[in-house]
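The structure under discussion appears below in the form of structure tokens.
Residue numbering restarts at 1 for every chain, and letters A, B, ... go by the order of the sequence lines.
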Amino acid sequence: MTQELMATLSTVPVSLPRHSKSNHLNLNPNPNPSPPTVNNDRSFTNHPILSLINQCTSTTQLKQVHAQMLRSGLFFDPFSASKLITASALSPFSSLDYARQVFDQIPQPNLYTWNTLIRAYASSSDPTQSFVLFLQLLHQCELFPDKFTFPFVIKAASELKAFRVGRVFHGMAIKASLGSDIFILNSLVHFYGSCGDLDLALLQGGFPEEALELFRGMEKENVKPNDVTMVGVLSACTKKLDLEFGRWVCSYIERNEISVNLTLSNAMLDMYMKCGSVEDAKRLFDKMQEKDIFSWTTMLDGYAKLGEYDEARRVFDAMPCKDIAAWNALISAYEQSGKPKEALVAFRELQLSKDAKPDEVTLVCALSASAQLGAMDLGRWIDVYIKKHGIKLNCHLTTSLIDMYAKCGDLEKALGDLFSKMLEAKVKPNAVTFTNVLCACSHTGLVNEGQTLFYQMEPVYGVVPGEKHYACMVDILGRSGLLQEAVELIKKMPIAPTASVWGALLGACRLHGNIELAEQACSYLLELEPRNHGAYVLLSNINAKTGKWDRVSGLRKLMRDSGLRKEPGCSSIEVNGIVHEFLVGDNSHKLSKEIYSKLEEIAARLKSIGYVPNKSHLLQLVEEEDMKEQALNLHSEKLAIAFGLISMAPSQPIRVVKNLRVCGDCHSVAKLISRLYDREILLRDRYRFHHFKGGNCSCMDYW
DNA sequence: ATAGGGTTAG
């Protein structure tokens, strides 16, 4: 829809009248006089029915007034109709659908009426409707957009980050001699700044710069920037992380005696915080006489983004009232910086506090944290919560649900259920959705489905494949043995192959024992990421598999010399909604004794069926550098599985998440446990998913 | 005759 509109708008013949800057009298203001049905008698201004409109407190009451207006004929007076539109579109109990119905019945809506509806749509959930109306205004009636119309449609363009459409509005406003209107300029400054998040903006050097250009241009046009302008200018500085210019703007505000209200102070706070001057921000914050929820949240978010969690928490605790944005700032900061456990603790706190109700953002964060931890119980609970509260499944929420189910091992639910439903409901998948879906295809070995989707991405869904999608596709192809196809795909990439692309190829080479290609992939990978521990491990693994021990020890030496060390293995498991973490040889858990005796029991049972722990040179090298025989039993994933066996009902599958690749011995043991104890085990490691059932694993022993 | 532009979380 947006694309269609953009195309239309960019070809719109601009035939706007030039708004005279001087006060010339327009001798022929309306070449097409209104039809006779329209009553232009101004005495209606004080009509008693009109005063009723202002007393309405519900749509039902408005409808009653509407009926009276129809009966009395007042509805056919454009001014009176405009009053009804304003009430139905902008009042606190507004219903845009109803406003639109009313609008469609007005024979000759005046410009005020058009503008009111365009304005209401601009800040609605569907701002494209502003564009639709704008086009109708241009093509279906004699009226022309005026200085009120443009700020609203530009606002809609900001909301949608519709850069091209917004730029067309800018051009049209200039042609209509409205290029110096401070309201239009301010909305444009904000618009250009707000388009700065797009990938496109990054490629083109950033639109915040255009916002600043507009501000500089105001000087030449002799338009005096005001406080609202400066909010937009500061916000553009924030996007550019340009502290120097930000400071200059603050002094400009002072020099030009621009009134500094709370909003402007907040914009300054945000600029200082995000551009890296916490001191300036703190100084200003402490000095501010009046603070609102924005001031507090800006400080909170600033500290959280800097990783200063204690300080963030202090600000949060000091807040006089905490709305959902404040909670979200805290929760998302944890979730985004690899602290999913802390994120969920805060999420739980929010539910207990009853300060605010979780919204889409909160739920997306909580789902993402659940996915990171493999906490499917909580993930499912959130799924139910969404349904129970009738929360509309938008793209972000659906994508997070798909991610959560896929990462927690329910690929069927993620792909078959959620993704299909998403398409059915016409919710547009975005780049992240495709990453999750392709990843799920790779884990379930859905080569054809993955390939089809990948090639549909751009033509059907308008999502340009990025490096992550290529990496997934290389993985899907390579894993199924189509190494040559994978190489061809890499060659055809319009963007430079990234480390994850080479990593995927390397993994596939390991699986299919292609040393030659592996060496190539690895050297490309190490060129991009010289400190990639996994690359060395994989390459050693392939060489060891084919007995090239010289190369193996050479690689090991290389690793040692470069001081590369493996991060400690860590596994987590969710039991009754609480996430437990285990490190290698961990005995800090309060049920540690029971866990270790369970492990002994397992070892004995395995031994009785003839199982010999796999302590081959290969595994020692690859998985745990200084692994001793007994250390096999102390791996974090084994501890987590043992804990699951003693603490969960036999009917429940055991879900474990490990931060590194699962060790070969642990993999064999998990398979046997799934048979001996008749338990499903779902183990997600850093790279893929292992679903153990009846003695087998879904990865078919290739990982 | 009526009105408009701005700041925090993802």
Out of B:dT2, B:dG4, B:dG10, minimum distance to the side chain of A:F79 belongs to B:dT2
How is A:K305 classified with respect to the nucleic acid when contacts are heavy atoms under 4.0 Å: base, sugar-phosphate, or nothing? sugar-phosphate
Measure the distance from CG on A:L50 to P on B:dT2 and round it to the nearest whole Å. 14 Å
Per A:A325 side chain, nearest of listed nucleotides B:dA9, B:dT7, B:dT2: B:dA9
Would you confirm whether the ring centroid of A:Y334 sits within less than 6.0 angstrom of the ring centroid of A:Y309? yes
Can you confirm if the aromatic rings of A:F347 and A:W327 lie within a centre distance of less than 6.0 Å? no
For A:F148 and B:dA3, do the ring centres fall under 5.5 Å apart while the planes stay under 30° apart? yes
Would you indicate which nucleotide in B:dT2, B:dG10, B:dA3 comes nearest to any side-chain atom of A:C365? B:dG10
To the nearest angstrom, the CD1-P distance between A:I391 and B:dG10 comes to 18 Å
For atom CG of A:L367 and atom P of B:dG10, their distance in whole Å: 16 Å
Nearest-nucleotide pick for A:T298, side chain only, options being B:dA3, B:dT7, B:dT8: B:dT8
Look at all strands and tell whether A:N394 reaches a base, only sugar-phosphate, or nothing, counting heavy atoms closer than 4.0 Å. nothing
Would you indicate what A:N115 reaches in the nucleic acid, counting non-hydrogen atoms under 4.0 angstrom: base, sugar-phosphate, or nothing? base
How many whole angstroms separate atom CG of A:L188 from atom C1' of B:dG4? 13 Å
For the side chain of A:S332, counting heavy atoms from C-beta on, which of B:dG6, B:dT2, B:dA9 is nearest? B:dA9
Would you mind reporting whether A:S277 and A:R247 have side-chain heavy atoms less than 4.5 Å apart? yes
Touch class at under 4.0 angstrom, heavy-atom based, for A:I182 against every strand present: base
Counting side-chain heavy atoms from C-beta on, which of B:dG6, B:dT2, B:dG4 comes nearest to A:Y112? B:dT2
What's the OH-P distance between A:Y334 and B:dG10, to the nearest Å? 15 Å
Could you work out which one of B:dT8, B:dG6, B:dT7 sits closest to the side chain of A:N266? B:dT7
A:R216: which of A:E221, A:E209, A:E210 passes salt bridge (charged side-chain N to carboxylate O under 4.0 Å, His left out): A:E209
Select base, sugar-phosphate, or nothing to describe what A:K274 touches, counting heavy atoms under 4.0 Å on all strands. sugar-phosphate
In whole angstroms, how far is the P atom of B:dA3 from the NZ atom of A:K155? 18 Å
Side chain of A:D227 only, heavy atoms from C-beta on: which candidate in B:dA9, B:dT2, B:dG6 is closest? B:dG6
We want to know whether A:D126 and A:S124 form a side-chain donor-acceptor pair, criterion being a heavy-atom distance below 3.5 angstrom. no
In whole angstrom, what separates A:L363's CG from B:dG10's P? 15 Å
Checking all strands, does A:H190 fall into the base, sugar-phosphate, or nothing category for heavy-atom contacts under 4.0 angstrom? sugar-phosphate
Residue A:N328, side-chain heavy atoms: nucleotide from B:dA9, B:dG6, B:dG4 that is nearest: B:dA9
Would the A:F169 and A:F134 ring centres measure less than 6.0 Å apart? yes
To the nearest angstrom, the CG-P distance between A:D292 and B:dT7 comes to 13 Å
Which of B:dA9, B:dG4, B:dG6 is nearest the side chain of A:D181? It is B:dG4
Would you kindly check whether a donor in the side chain of A:T86 faces an acceptor in the base of B:dT2, or vice versa, at under 3.5 angstrom? no
